[in-house]
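Input: a single structure, listed below in structure tokens.
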Amino acid sequence: MTVERMFDEYGHFKRFQACLYFAAVFQATSCGIHYLASVFLVETPNFVCSVPGNITDVLYGNITGSSLESVFPVIKPAGGPLVVRTSEGEQWELSRCRSALRINPQDFTYDYYGNKTMKDCSGNFVYDHTEVHNSIVTDWDLVCEKEWLAKLCQPTFMLGVLVGALLFGDIADRIGRVKILMITSLCQFALGVAVAFSLNYYFFVVLRFLLAMASSGYLVVVFVYVTEFTGSKVRTWTSMHIHAAFAVGIMVVALTGYLVRVWWIYQIILSICTSPFLLFCWKFPETPFYLMAKGRYQEAQALLDTIARFNGLECRLKAEDLLEPMKSENGKTLLEKEEGERPAQPEKKLSILDLFCSWRMAGRTCTVWAIWFIGSLGYYVFSLGSVNLGGNQYVNLFLAGAVELPSYLVGCFAMDRIGRKKTCAPALLLAGVACMIIIVVPAEIDSLAIALSMIGKFAVAIAFGLIYLYTCELYPTVIRTLAVGSGSMMCRVGSIVAPFCVYLVDVWVYLPQLIVGILAFAIGVLTLLLPETLGEPLPTTLEEAESLGSSPRKKNSSPGNKDAGDGMELNQHEAKA
């Protein structure tokens with residue numbers, strides 16, 4: 001028997017589920033916001049060393065000006081130094097991390113072959129505020145010998161995402177999905193605002209690390225939450241469109257970054273964008289799958305009654321109908337007994353080791369983790385290695401979020417028509433083939449290389465988008481959130497490894513694509529060994545999960561469960577049709 005029967009009775013996506021879904025997805029945009037916020041938080045504008053005295057003249061090649069601000073827009077980081085003259089008559093050559101005082105210059109020219117006195121900047125810099133009015137780089141001078149501190153911000157955030165995914169995934173399987181959604185939502189708001197008031201760089205990094213844990217925790221648990229509240233007929237769309245909400249968060253970052261150029265105001269605005277969710281998230285109910293798995297049958301019955309009433313249906317379904325009737329010695333069912341009267345059943349402590357409880361589950365877990373890893377690695381390698389679009393950076397980031405939407409639509413259609421496995425495996429194989437072809441494309445045909453890179457990124461995005469739902473459907477209720485959390489951990493490992501993979505371009509220009517191509521193709525082949533879950537009810541026990549893809553599940557023939565079994569078969573038949 002399965003809890004899936006409730007969707008046949010009360011609807012796969014009616015009023016009650018829709019309200020919960022759109023509220024949960026609304027908050028999911030905050031995860032996309034915080035993941036990408038550092039793009040403008042740690043932005044480094046053009047800068048040079050400052051000089052003592054007032055500047056009266058500036059030279060940069062054949063360009064002249066009366067102030068640094070007038071020349072900054074045309075400065076290139078790899079270009080030559082700025083030559084300035086002060087009101088005291090001194091001439092300085094200014095570069096990013098050092099300055100040189102000319103000794104007894106005759107004329108004010110750009111080229112000078114006389115003696116110079118080299119000096120370090122000593123923490124005194126002048127920044128170009130044309131695009132970036134204020135960032136943590138300009139506030140705390142995270143340039144030159146401190147540049148590595150600015151570059152450390154995003155890897156540290158990703159480390160927090162990794163920790164949060166594993167930690168909150170495990171906790172949600174123990175104490176419930178709703179409590180984690182409320183805690184992480186409150187933490188995202190509080191920590192997001194607190195980041196704006198960081199007194200120094202180290203407070204900033206610590207608060208962002210904690211914020212990353214909260215954002216990751218919400219994103220992991222919300223996938224499980226909406227999956228357990230929507231029926232199989234719409235589960236593909238509801239799961240995939242959480243990715244769309246994440247992409248909307250990226251677009252919000254671009255829009256806010258364009259309108260607000262002061263980092264701490266920008267951070268506050270981003271943090272309060274989804275704050276209305278805090279007003280009603282405490283009304284969220286626990287999922288029926290979790291309540292039934294934990295033996296909280298009376299709460300499950302109250303939830304079923306609420307769903308029926310809210311959807312305008314008759315309350316016909318009983319929680320005990322979703323279980324095999326277990327009579328006690330006095331003839332009462334377990335549901336009819338009070339909490340204190342039910343026999344105490346010690347709850348087994350589950351851990352990540354239960355993902356490897358058998359050879360079949362171990363192989364499945366390794367393959368699923370590999371898909372998570374290559375999805376993240378491929379996405380970032382394709383992104384970092386693609387041709388720079390040029391133009392306005394805010395528009396570029398907005399488009400980077402917008403172009404993700406078509407891949408999720410294609411993924412949804414394919415998953416519901418040909419299945420999860422038959423969508424994921426070809427997508428990874430296509431990404432691998434695209435990488436291989438890029439290697440043999442002549443260097444002068446740039447347009448073809450760019451097109452192949454976009455095909456590879458599009459294919460990886462499809463596989464990466466569906467793996468959340470596929471993971472939920474491959475594992476039972478008791479370890480489902482842990483499975484998604486551990487997969488998200490592998491995703492973060494991929495995002496941390498990706499920059500190092502891109503650095504291999506110094507060894508061979510096509511080495512990053514070669515690595516991604518080989519891995520994507522190999523993992524695509526392994527994906528063909530996974531069971532198909534299209535039209536299958538969510539497994540509730542380890543035994544049910546392990547039986548996926550083997551012989552048909554053993555049907556319970558007890559009279560009390562016949563109706564539920566018929567409902568489950570009808571659900572599968574309709575989904576396959």
Got a second to check how far [X]'s [atom1] is from [Y]'s [atom2], nearest 0.5 Å?
{"X": "Ile374", "Y": "Ile515", "atom1": "CD1", "atom2": "CD1", "result": "10.0 Å"}
{"X": "Ile175", "Y": "Tyr290", "atom1": "CD1", "atom2": "OH", "result": "7.5 Å"}
{"X": "Phe13", "Y": "Leu20", "atom1": "CZ", "atom2": "CG", "result": "9.5 Å"}
{"X": "Phe209", "Y": "Thr156", "atom1": "CZ", "atom2": "OG1", "result": "8.5 Å"}
{"X": "Leu210", "Y": "Ser215", "atom1": "CG", "atom2": "OG", "result": "11.0 Å"}
{"X": "Ile467", "Y": "Ser376", "atom1": "CD1", "atom2": "OG", "result": "12.5 Å"}

Side chains of [X] and [Y] in contact at under 4.5 Å (non-hydrogen atoms):
{"X": "Ile496", "Y": "Pro155", "result": "no"}
{"X": "Phe284", "Y": "Ser185", "result": "no"}
{"X": "Ile518", "Y": "Met436", "result": "yes"}
{"X": "Leu152", "Y": "Tyr201", "result": "yes"}
{"X": "Leu474", "Y": "Arg420", "result": "no"}
{"X": "Cys273", "Y": "Val252", "result": "yes"}

Task: Audit row: Phe223, Thr471, side-chain contact (heavy atoms from CB on, under 4.5 Å) steps and yes/no - done: CA-CA 10 Å; Phe223 272 100; Thr471 303; over 6 Å; no
- [ ] For Ser271 and Gly192, indicate whether the former's side chain and the latter's backbone hold a donor-acceptor pair under 3.5 Å.
- [x]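 Side chain of Ser271 to backbone of Gly192, a donor-acceptor pair under 3.5 Å: yes, one is there.
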TODO: Output, in order, the C-alpha distance, side-chain angles, deciding distance and verdict of side-chain contact (heavy atoms from CB on, under 4.5 Å) for Thr184 and Phe168.
DONE: CA-CA 9 Å; Thr184 53; Phe168 285 107; 3.9 Å; yes
Open item on the list: Leu428 and side chain to side chain contact (heavy atoms under 4.5 Å, CB included): which single residue from Leu528, Leu526, Val433, Thr527 fits?
Closed with: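 Exactly one option meets the side chain to side chain contact (heavy atoms under 4.5 Å, CB included) with Leu428, and it is Thr527.
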- [ ] Assess whether side-chain contact (heavy atoms from CB on, under 4.5 Å) is satisfied between Leu530 and Tyr470, documenting all intermediate values.
- [x] CA-CA 10 Å; Leu530 291 175; Tyr470 200 15; 3.4 Å; yes
Task: Counterpart residues, side chain to side chain contact (heavy atoms under 4.5 Å, CB included), relative to Ala194 (two or more places apart) - done: Leu207
Open item on the list: My understanding is that only residues two or more places apart in sequence, or in another chain, count here; which of them pass side chain to side chain contact (heavy atoms under 4.5 Å, CB included) with Ser135?
Closed with: Val132, Val137, Thr138
Task: side-chain contact (heavy atoms from CB on, under 4.5 Å) assessment of Thr44 paired with Val143 - done: CA-CA 8 Å; Thr44 303; Val143 292; 4.1 Å; yes
Task: Qualifying residues under disulfide bond (SG atoms under 2.5 Å apart), relative to Cys144, sequence neighbours excluded - done: Cys97
Open item on the list: Ring centres under 6.0 Å, that's the criterion: do Tyr35 and Phe157 meet it?
Closed with: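 Centroid distance Tyr35-Phe157: below 6.0 Å, so yes.
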